[in-house]
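Computed from a predicted model, the values in this text were never measured in an experiment. Position 1 is the first residue of the sequence, and the numbers go up from there. In each ligand, atom 1 is the first atom listed, and ligand 1 is the first ligand listed.
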Amino acid sequence: MIERNGASRGRTVQIITTGGTIASRVDPATGGAVPAVGAAELVALAPSLHDHAEVRVTDFGMLQSWNIGTDVMLRIAGVAGDALRDDAVAGVVVTHGTDTMEETAFALDLLLDGVKPVVVTGAMRNAGDPGFDGPRNLTAAVRVAVDAGARERGALVVMNDEIHAARFVTKMHTTAFGTFASPETGAVGLIDDRGVWFRWRPDPLPRLSPARAETNVHLVKMAAGADALLLRALLEARVGGVVIEASGGGNVSDLWHDPIAALIAASIPVVLVSRCPTGRIVPVYGGPGGGRTLRALGVIDGGWFSGPKARVALSLALGSGMNTETIRRFFAQLTL
Ligand code: ASP
């Protein structure tokens, strides 16, 4: 059933700009696109914003999103949280690079209470490109951020007139305008000339209030017959945590069994997810690298999360002071 919600006109939205393609132009000296457009200029490029909301802006940064780690995500959440505590503010929009947008959006999903809308958007063409899609995406994001129907749906990504839940959305194509999709669930809603439409409501997530983000957390992707060099290096480095993106329902090369056992014995949490874009971890197979064997070793079940999102959750859980067992329980709540 599609719910239809009227926009709450005359409400205030806080736009927090972090950089990315939506803020980029080509540097003539290098020919490369780099962030160069501040918040005020970006808003000026989308004049119809003001038909939907009163706009306040915060220039957070001019970052290319592959440089935004969980420590920076925590700071973005702090700025957004401060804005949301202002009764006049109906919702927040964060503009962000698309390469790692899904990770920051998921961090915001875990860090903010999700009552007021938190919407992340960006662009697939830069501000100097004739196909620049920033104004359209920003206007759509503002329409969602001030829409009463967007409340209590967790953090959202709005791109190409689609609304996606932060926890399920992923960048599927390197250049397409419609690159963002949620293969597991489909979009939460859409925006069209008649309004903002929501199709379903994501369950509330357990929230985290970390004092810091543990950035010494690493992601290792399983490839056929791969040896355990990387895992042995992580063990030797005594890292904070490891996420393994396994094959199928959660299986790895037999060569990985001993280093995984050693990481767990060293109290280094190991979260297991699948490299498959949909489905969840299912511990079926025996053998040294089989998922059932890994579960018996004590890996943490990462459910249906992608490797990058499991890494965000692990980083913030460790920053909250959790240990392996409390992290295991946290992931069990996350993946209900
Ligand atoms: N290609 C990216 C974008 O579309 C650049 C970035 O993620 O910073 O925003």
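- The pair E41-R25 meets the salt-bridge criterion, with a side-chain N (NZ, NE, NH1 or NH2) lying under 4.0 Å from an Asp/Glu carboxylate O.
- Using modelled atom types and a 3.5 Å distance limit, the side chains of E102 and T170 yield a donor-acceptor pair.
- Side-chain atoms of T58 and Q14 include a donor-acceptor pair closer than 3.5 Å.
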Discussion item. Pair R212, D71 - check salt bridge (charged side-chain N to carboxylate O under 4.0 Å, His left out), show working.
Written reply: CA-CA 7 Å; R212 64 182 189 85; D71 50 344; over 6 Å; no
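- Side-chain N/O atoms of N216 and R238 include no donor and acceptor closer than 3.5 Å.
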Check ligand 1 for close polar pairs with the protein: N or O on both sides, less than 3.5 Å.
| from | atom 1 | to | atom 2 | distance (Å) |
| --- | --- | --- | --- | --- |
| ligand 1 | 1 (N) | T21 | OG1 | 3.4 |
| ligand 1 | 1 (N) | D99 | OD1 | 3.0 |
| ligand 1 | 4 (O) | T21 | OG1 | 2.8 |
| ligand 1 | 4 (O) | T98 | OG1 | 2.6 |
| ligand 1 | 4 (O) | A123 | O | 3.1 |
| ligand 1 | 7 (O) | S65 | OG | 2.6 |
| ligand 1 | 7 (O) | T98 | N | 3.2 |
| ligand 1 | 7 (O) | D99 | N | 3.0 |
| ligand 1 | 8 (O) | S65 | N | 2.7 |
| ligand 1 | 9 (O) | T21 | N | 2.9 |
| ligand 1 | 9 (O) | T21 | OG1 | 2.9 |
| ligand 1 | 9 (O) | T98 | N | 2.8 |

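- Side-chain contact annotation: D51 with S48, donor-acceptor N/O pair under 3.5 Å absent.
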